[in-house]
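Notes to accompany the following structure.
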Amino acid sequence: MSISAPLIQKYNTPAPRYTSYPTVPLWENNLDNNTWKGIVRKAFQDFGKEEGISIYIHLPFCESLCTYCGCNKRITKNNAVKDPYIQALLAEWNKYKEVFDGKPKIAGILLGGGTPTFFEPSYLQHLISSIFEGADITSNAEFSFEGHPNNTSFEHLKTLSDLGFNRVSYGIQDFDLKVQTAIHRIQPFEKVKHATDSARILGYTSINFDLIYGLPHQTVQTMEDTFKKVQDLRPDRIAFYSYAHLPSAFPAQKSFENFLPTAPEKSELYEFGRHLLVKMGYEEVGMDHFALPKDALTVAKTEGVLHRNFMGYTTVPSKILIGLGASSISDVYYAYGQNE
Ligand code: SF4
């Protein structure tokens, strides 16, 4: 089904992330300390004791800038930032533990960024094992991390697997070299294959690829080539995101803005990519998200128990998501009735 030109024009406009309601620009950040403590304690009492809490940990450092990036990140090669940042994350976690009325029960952890694999495995080991100390883990807990294919080592995957992680998400975006050059993110197919194969060898049960449509120099032909490579590696899940062009907030995006597809071309790229994904056997589990029929997300959707929290689709019913880190996107997600 093709979308009419007036409709594309009407909705071809920047909008806040759809992952929360109300959306982030409408949030008020005027909680005093006692009010914050009261909300956290009540959320924990109402839901945390039974269902457990999910934790998003933001690791904001990256070694080089991908020019399309709209994330909250800091570009550095300075190893001296690592230690203090991990200490700050643990101090923040301890503040939550002081407020919880009882032993925390962890239902899920997502390491996001930035580039979590900027940190050597020993840092991640220390961070996660310290968080586990004095906490229980729910029987169906989900632990996942975002890995950069260029620097996710076998040791990263093994260390996190030993800690209970069995899901990894790789930022692929596009395999075409011209596109990768324009967005300053060169990652050869062999590196992605190595990272994917390593995760499979270690028993990761869900591997996700992030892909983006609407990037500079993308055409239907480059997208077809990218999807052929994706097909070879057959990740369990695919997030197929729209590129968000906000050069006033992210000036590096200006470097390629003359090469972006037009709005109708971008719409065609999405429709074409979606068609290919369905042809490859992926099912649409929600907005932008596709998964193989055997994947837990597809099964949960079929059984009517798919959930969505601020970080995305999940099978974990936990209604509380706390964010740790300087640029985490939320403090406490107190989400009555957000199940899908
Ligand atoms: S896309 Fe990822 S790796 Fe690249 S700069 Fe942004 S956060 Fe860092």
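All ligand and atom numbering here is 1-based and tracks the order in the structure. Starting from 1, each residue takes its place in the sequence as its number. These numbers come from a predicted model, not from an experiment.
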Distance from [atom] to nearest protein heavy atom, with residue and atom:
atom: atom 5 (S) of ligand 1; answer: C66 N, 3.5 Å
atom: atom 8 (Fe) of ligand 1; answer: C62 SG, 2.3 Å
atom: atom 1 (S) of ligand 1; answer: Y68 OH, 3.3 Å
atom: atom 7 (S) of ligand 1; answer: G114 N, 3.4 Å

For the rings on F227 and F209, is their centre-to-centre separation under 6.0 Å? no
Is R274 paired with E284 through a side-chain N to carboxylate O contact shorter than 4.0 Å? yes
The option among E146, R185, K73 carrying the non-hydrogen atom nearest to atom 2 (Fe) of ligand 1 is R185
Does any N, O or S atom of H148, backbone or side chain, fall under 2.8 Å from atom 8 (Fe) of ligand 1?
-> no
Run the ring-ring contact (aromatic ring centres under 6.0 Å, His included) check on Y68 and Y243 step by step: do they pass? CA-CA 8 Å; Y68 68 93; Y243 164 66; 7.1 Å; no
- Query: In terms of the angle between their ring planes, are F143 and F132 parallel, tilted or perpendicular, with boundaries placed at 30° and 60°?
  - Reply: tilted
| query | Any N/O/S atom of C69 sitting less than 2.8 Å from atom 6 (Fe) of ligand 1, backbone or side chain? | reply | yes
Take atom CZ in F189; do more than 12 heavy atoms of anything else shown fall under 6.0 Å from it?
yes
Taking CD in E155 as the centre, count heavy atoms belonging to other residues, nucleotides or ligands within less than 6.0 Å. Is the count above 12? no
**Report entry** Side-chain donor/acceptor of Q180 to backbone N/O of Q187, under 3.5 Å
**Finding:** yes
- [ ] Please confirm whether G171 comes under 4.0 Å of ligand 1, counting heavy atoms of the residue only.
- [x] no
For T115, the atoms of ligand 1 under 4.0 Å from one of its heavy atoms are 3 (S), 8 (Fe)
